[in-house]
Structures are given as structure tokens and as C-alpha cells.
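Here's the structure, in C-alpha cells; my notes come after.
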4 protein chains.
Amino acid sequence: MAKNKKQKIISTATKLFAAQGFDNTTTLQIAKETGVTEPLLYYHFQGKEEIFTEIIKGIFQEYSRLLSGLPEETENQFEKINNLMRLHIHIAENRPDEGRLILANCPGKLKNDTHVCQQIIDKQQEIIAAYLKDCLEKGNDSGEFDAHPVDHLVIVLLCLINGIFRKKLLGKKEKASYEYTAIDFCHKALTKKS
Amino acid sequence: MAKNKKQKIISTATKLFAAQGFDNTTTLQIAKETGVTEPLLYYHFQGKEEIFTEIIKGIFQEYSRLLSGLPEETENQFEKINNLMRLHIHIAENRPDEGRLILANCPGKLKNDTHVCQQIIDKQQEIIAAYLKDCLEKGNDSGEFDAHPVDHLVIVLLCLINGIFRKKLLGKKEKASYEYTAIDFCHKALTKKS
Amino acid sequence: MAKNKKQKIISTATKLFAAQGFDNTTTLQIAKETGVTEPLLYYHFQGKEEIFTEIIKGIFQEYSRLLSGLPEETENQFEKINNLMRLHIHIAENRPDEGRLILANCPGKLKNDTHVCQQIIDKQQEIIAAYLKDCLEKGNDSGEFDAHPVDHLVIVLLCLINGIFRKKLLGKKEKASYEYTAIDFCHKALTKKS
Amino acid sequence: MAKNKKQKIISTATKLFAAQGFDNTTTLQIAKETGVTEPLLYYHFQGKEEIFTEIIKGIFQEYSRLLSGLPEETENQFEKINNLMRLHIHIAENRPDEGRLILANCPGKLKNDTHVCQQIIDKQQEIIAAYLKDCLEKGNDSGEFDAHPVDHLVIVLLCLINGIFRKKLLGKKEKASYEYTAIDFCHKALTKKS
DNA sequence: TATGAATGAGAATTCATTCAT
DNA sequence: AATGAATGAATTCTCATTCAT
């Protein structure tokens, strides 16, 4: 019953932080909506900030797990980029609360670079960047791509992935499936004109 | 001197909202940093929220002005898309405070769709979407592009532009000029393989 | 009316801190008893601790004033010691709140030596010690005293003065005038047996 | 092991109350530092206050034991006063925690006279007063002292003893041995000039 | 004996806002 | 146009204490 309540608190807080933002969510609200009293929050966590931090950590742990689950061997390099984009689309569709929580709160916490939030996001972006860089370099070498300025392209792809992720989470419900157009878009941009 | 002070307040508040977020900026801080007292804020504005609203309105007014200043007649359609992207790059570089203010606060205000912030952003996105749609359709018709699913592509381009805008404003100082790679990227993806 | 309220707060807080101790006095109590609201305390002071600090500073400012008002020229050295003792008796009788505030709170604040309270008390004790040392040395030289171990005697006198000060402030209402016996006691102990 | 733990709690609490004061010591801190959990405190004691009370009782029980161990028969009356003063010096040196606990907390608890703390201290002071009164009267009768106003002198000596006790426990580490100067000081003040 | 989990009652502090001038 | 003083309503957090086991 202990882990139970702690987990419930995390889950309630995630929903609230995602919907209202960290600053607009009160500890009282979290407690009430979880069905516990405020002091219990402080029994399980050091404070409001720690609840947030634990959520963030949990989210990125899961995210890392998914990333490392992507197939290492693929027919070609674009397949890997495809996989990465689909993974993000999948996350946006299946974990909207977690996604929104990040989008809604992390830029607001950007004032201090040392905030866990920023640190974790930075690390994550680096991992994806490395993943993309590897694809692009191999694809260039093999002649699959004619994508020369690798470092720049990595950032461009990152921007596109982030942009789509935001759109799916924050945008009006768009006529879906534009995401797959985005993948085609990349494919066309990257692969050699034959 | 009246307009003077009101303008000073707006300018200070913009900087603070951009750097710390709306919720983490106090009226006292705005007043002190402007060099006035709190009641004066209430003389010029109805309240904190109104200061924010006026800033947003100002930003989008200027933004609209810039948008409508884009050349209507260009050699080809991609030129127009190119112009749109460059405009956003330009804004990110020259109006960082305004840009950050939007990015840092608006998604957090997404709880109620009726918020001015959300409304204005939505309208703006629609305008750009229309702009892009027009380009793509004309480009498709003329054979410049072989980009068929216009509606989807509009969103993809929007996502990319937003993604780059964010990156420039919130990301670490990247080795610049990836933005131009992004433009090439689009060019390759949109125009016919010849 | 501003200084007015601030002064009232100080005076109420002094009474309460003296009677109940710092920790057992709430800001709400101070506010209510002063006839203002809690936030006003925070308008005039940085916090509860600062109220305390200002009180302490005020007390010792006044105390210093009294000390420096003691006559420099006296018939003999014991007269000066007499004056010092009488001054403390006088303070205990006329400024009971201030006295009790110090006695009741300062040792409790002794955990950190850097607390204003401790610093100020230390400085004050040094001043009196210097005063006494001067008396004793001069009295020894002139043959008025046969009080040889000056440094030790200074401490002994300090202890006695402090002890009497405490007794008067914290003790049951004793049959008064034992204080003057204390002065005689010192006189006998210090001056030469003739 | 039961008595064991209870004793450990008392000993930890004594140290904490002495160093930080009653109000600034939390039950959680006592529990943690003892190596037990909070509910165990409530198994052994009725509450935080009772822990304090038991400590106080223990201290004064020991103190009474020491007092009653003082030799009844001495060569002269000053010897007894000497013994009393040395006893306090000894306690201050060997039981600093207990001493500090009293000094740091009891005056703060002075708000209600009915507090155990105050009661016990009062009783104790009476016992010493009686002890001193007996000495002084006998010494006066025998011609050892020419100290006439016995009741007043009792208080004066009490003040001095208390003052020295405080100094030793709360003061900066002074060049020791001023305490023995204090004893001489009393001797000179009390005994007849010959 | 002993504990993990939970809470009621309050504490200090903050903040947008207003009033009197 | 401008301010010093003041406040209502919250907000985060603490702490002694208890319950169920």
C-alpha cells in the first residue's frame, strides 16, 4: 500500500503538471486529487520540486529504454531514421501526459541550466544526435545518402522531430498521418536523386 | 513621459517574462526593475495578466507586419518558402526576448484554449499555413514541386520552422548556419528529382 | 503613521519574545496583538528573524548609550564599579522586557556563534570587561585595591553582575535591595584590609 | 534492551536539547539520531515534553545526590561555601550537556510558573539558599564572618555561583581558573578583616 | 517492542492587488 | 501620474502525534 500511494501521487502529479504546468499546480491539489493529505507528499518526497524531478527521471528512463530498444541492424540507414521518427510519433500518441509535461514545463525551467530537467533533456538530445549522426555518416559512405553537411543535418532532423512531437501533443487534433508525410519528406531530402 | 513609462514597463516585463516565465515573475520585480512602484503598473494596466496580453498583442502585430512584408511576386514558389524560413530565422536572431517569451509561456497557458495567447498563436499559424498552402499548390501546379499531399506538407513545414525557431532560441549556441542547411533540405525534398 | 506601525510592531514583538521566547511566538500573534495583518510584518521587515534582530540592535544601542554615559571621572575606582553595577540594576528595573528578551532568547541562539545576538552580546561583554579592567588596574596602582589577578577578577565581577541581572529579571520578586549588599560585598572583597 | 533504548533516547535528547534548545529539536531528529523510529519515542514517553521532563528530573536527582554528599562537618563555615562553589565548577566541567540543557531551555520555559522545569529549579535554589543561610548564620555567630545581612548575602552568593556556572558553560573558553579567584573573592568579602 | 504510513493543526512567507493621498 | 502602506487569499512546508500491524 505504500508504493501504491507513492505511485498514485506521481501519476496524479504527472497529469496535473502536464495540464496546468508546475507553477500552477499546488501541492494541495495534488494531494486532494490523489486522495491523500498534503503531509503525505512530504513523507514520500522532499518537496514539490522533488515530485517533479522524480517524474522527469521516470519519463526519461522509459524513453531511454525505448531508444535502446530500436533495432541496431537494418536494411539501410534511412530505416533507422524512420524508426526514430516513428518512435517519437508513438510516444506522443501513447504517452501524452508525459510528453506534455516535458513540453509545458521544461522550457520554463530553462532559467538555470543546472536544473535536472535541462540536464536530462540535453543528455537525451545528445544521444539522439549521436544516433542520427551515425546513420547519416554510414548512409553517406554507402552512397545511400548524398547528405554531406552531416552535423547540420543532424540538427535539422532533430528540429523536425521535435517540431512534430510538439505539434502532435499541443496542436489541435490535426487530420492525422501528416507524420508519415514527414518521413517521406526526409527520405526524399536525404536520398540520392537517381 | 507617460507613454514613456508605460513602454518601459512593457519592455522590462518582456525581458522578465522571457527569462523567468510569467508565473515566476512578480509584479514587484517588474516595478522595481522598471524603476517605478507597483501601483503604477495598475494605473497603466488592469493587472499582471494584461501586461502579458499587451506584450503578446504587440509581438504578433509586429510579426504580422513582417509577414505581410514578404514579397508577393517571386521567381518561383520555393523562393517564397525560403523567404518565410529566413524571416523566422531573422526574428529569432533579432528579437530573442519576444521569441523566448512566446516559447516559454504559451504552451504553459494552454490549459484554457480561450486564452489570448493561444488564440493569437492559432490565428498566426493559420496565416502561415495558408501562405504555405498557396505556395505548395502553385508549385505543384507549375511542376516546380512534386509534392503531392499539400495539406500534410504544410504541417510538416510548419513543424520544421517551429522546431528551428525553438532550437535557435532555446538551444545551446550551435555552430550557426544549420538553418540554411534546413532550407536546402526542404528544397531537395520538395522539388522534382530531375 | 508608517514609522508608527513599525514601531508598534517592534514593541509588541519585544513583549512577546520576552514573555514566550522567539520560537513560541508566531508572526500571526505579533500581527494580531499589534492590530495589523501578517503581511505588514513582511512589508516592514524581511521576516520574523529580522524583527528579532532589529530589536536586539535597538536594545544594545540604548545599552551602549547608557554605558558611555557613565561618569569618567570619579573620586575613586570603586565608584566606577559601583556605577556599573547600579546601571545594570537600573536597567533590570526599568527595562524588564528588553532584559528578559535577551536572557530568554540569546542562550538559545547560541548554537551558531555567528548569530547577531551572540556577536552583539560578545562585543558588549568585551566593553564592560575593558571598563572593569581599567578600574581594577588603576585601583591596584593607586593602592585602593589589593586585587591582584586583574584578568580573573574582571570575569568574576562580570559573573556577579550577570547573575544579579538574571536574578532580578527572572527570579521571584525577592525582598529587594540585596543588590546593594552585592555592591558592599564587592567593596569588601576588593579594597585593602586596613 | 528496553531500558537500553529508553536510556539511549534520553541521552540523545539531552545532547540535542542542550545544543539546539527544546523548540529547535524535532522528535524525528531525536529518533533518527538515537537510531530508532518516532513511534518508539511514544512507546517509552508520553510525548516530547515528557522526554524533557524526565531529563530534567534525572539531572536534578543527580544534582541533589551531589549536594547531599557534601561534607556536613568542616573546619569552618567558609569551607562549606568553598565546597558548594567547587561542586558547581565540577558539574559545569563534567556534565556540560546537562548544564547547558538547563541554561538554554529553562528560562525560555518561564512563561508558566507551573512548568516542572521552573518548579524543580525553584526547589533546588531553595535548598542551596538554605545551605548557604546555615553557613552564614553559623559563621556570623562564631565570628568567622562579619557578614551581617544574611538573607541578602545568600542571594548575592547564589547570583555569583549561577553567574560562574553560566560563564563556564556558555562563555568562550576563558583562561580557566578564574573560578578559584571567585572563591578567594568571596573569602575576602565574607571573613573579618583582621 | 517496534515500525511504515498517515494526518490535523499550524507556521512562515508570498503575491497580486487596492486604498488613501 | 505616482506612491507608501496595507491586505485577502493562498502556498509550501513542518511537526508532534497516532494508527494499523
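Residue numbers start from 1 in every chain, and the chains themselves are labelled A, B, ... in the order their sequence lines are given, proteins ahead of strands.
- Between B:G35 and A:G47, the one whose closest nucleotide on DNA chain F sits nearer the 5' end is B:G35.
- Whole-Å rounding puts the D:Q20 CD to F:dC15 C1' distance at 14 Å.
- Here the P atom of nucleotide E:dT7 and the CG atom of A:L28 are 13 Å apart, to the nearest Å.
- In terms of phosphate contacts, A:T27 brings no side-chain nitrogen or oxygen within less than 4.0 Å of OP1 or OP2 of F:dT11.
- Comparing B:E38 and C:Y42, the nucleotide of DNA chain E nearest to each residue sits closer to the 5' end for C:Y42.
- Taking atom CD1 of D:I51 as the reference point, atom P of F:dC15 lies 15 Å away to the nearest angstrom.
- The interatomic distance linking A:L41 (CG) with E:dG8 (P) rounds to 13 Å, in whole Å.
- Separation of atoms CD1 (A:I56) and SG (A:C106) is listed at 4.0 Å; rounding is to 0.5 Å.
- Base-pair partner of F:dA1: not found among the strands shown (Watson-Crick or G-U wobble, both distances under 3.5 Å).
- Both B:V36 and A:K48 lie near DNA chain F, and the one whose nearest nucleotide falls closer to the 5' end is B:V36.
- Cation-pi check for D:K48 over D:Y42 is not met; the charged atom does not lie both under 6.0 angstrom from the ring centroid and within 45 degrees of its normal.
- Between B:F52 and B:F22, the ring planes lie perpendicular to each other; the angle is over 60°, past the 30° to 60° tilted range.
- Note: CG (D:L40) to P (F:dC19) measures 17 Å, nearest angstrom.
- Nearest-nucleotide positions on DNA chain E place A:P39 closer to the 5' end than the other of A:P39 and B:P39.
- Among the heavy atoms of the strands lying under 4.0 Å from B:T26 are primed sugar atoms or P, OP1, OP2 only; no base atom is included.
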Assess the residue pair D:E62 and D:R95 against the criterion (side chain to side chain contact (heavy atoms under 4.5 Å, CB included)); give the C-alpha distance rounded to whole Å, side-chain angles, the decisive distance to 0.1 Å, and a yes or no. CA-CA 11 Å; D:E62 171 66 5; D:R95 302 258 182 178; 3.4 Å; yes
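- Closest approach to the A:Y43 side chain among E:dG4, E:dC15, E:dT17 is made by E:dG4 (side chain taken as heavy atoms from C-beta onward).
- With a 6.0 Å cutoff to the six-membered ring centre and a 45° limit on the axis angle, B:K5 does not count as a cation-pi contact of B:Y43.
- Atom P of nucleotide F:dT17 and atom CD1 of D:I30 are separated by 10 Å, given to the nearest angstrom.
- Nearest to the side-chain atoms of A:K5 among the listed nucleotides F:dA6, E:dA12, E:dA6 stands E:dA6.
- When distances run from any side-chain atom of A:H44 to the nucleotides F:dA1, E:dA6, F:dG4, the shortest one goes to E:dA6.
- As rounded to whole Å, 12 Å separates atom C1' of F:dT11 from atom CZ of A:F22.
- Taking atom CZ of A:F45 as the reference point, atom C1' of F:dT12 lies 16 Å away to the nearest angstrom.
- Across the strands present, F:dT14 finds its partner in E:dA9; the criterion is a Watson-Crick or G-U wobble pair with both atom distances under 3.5 angstrom.
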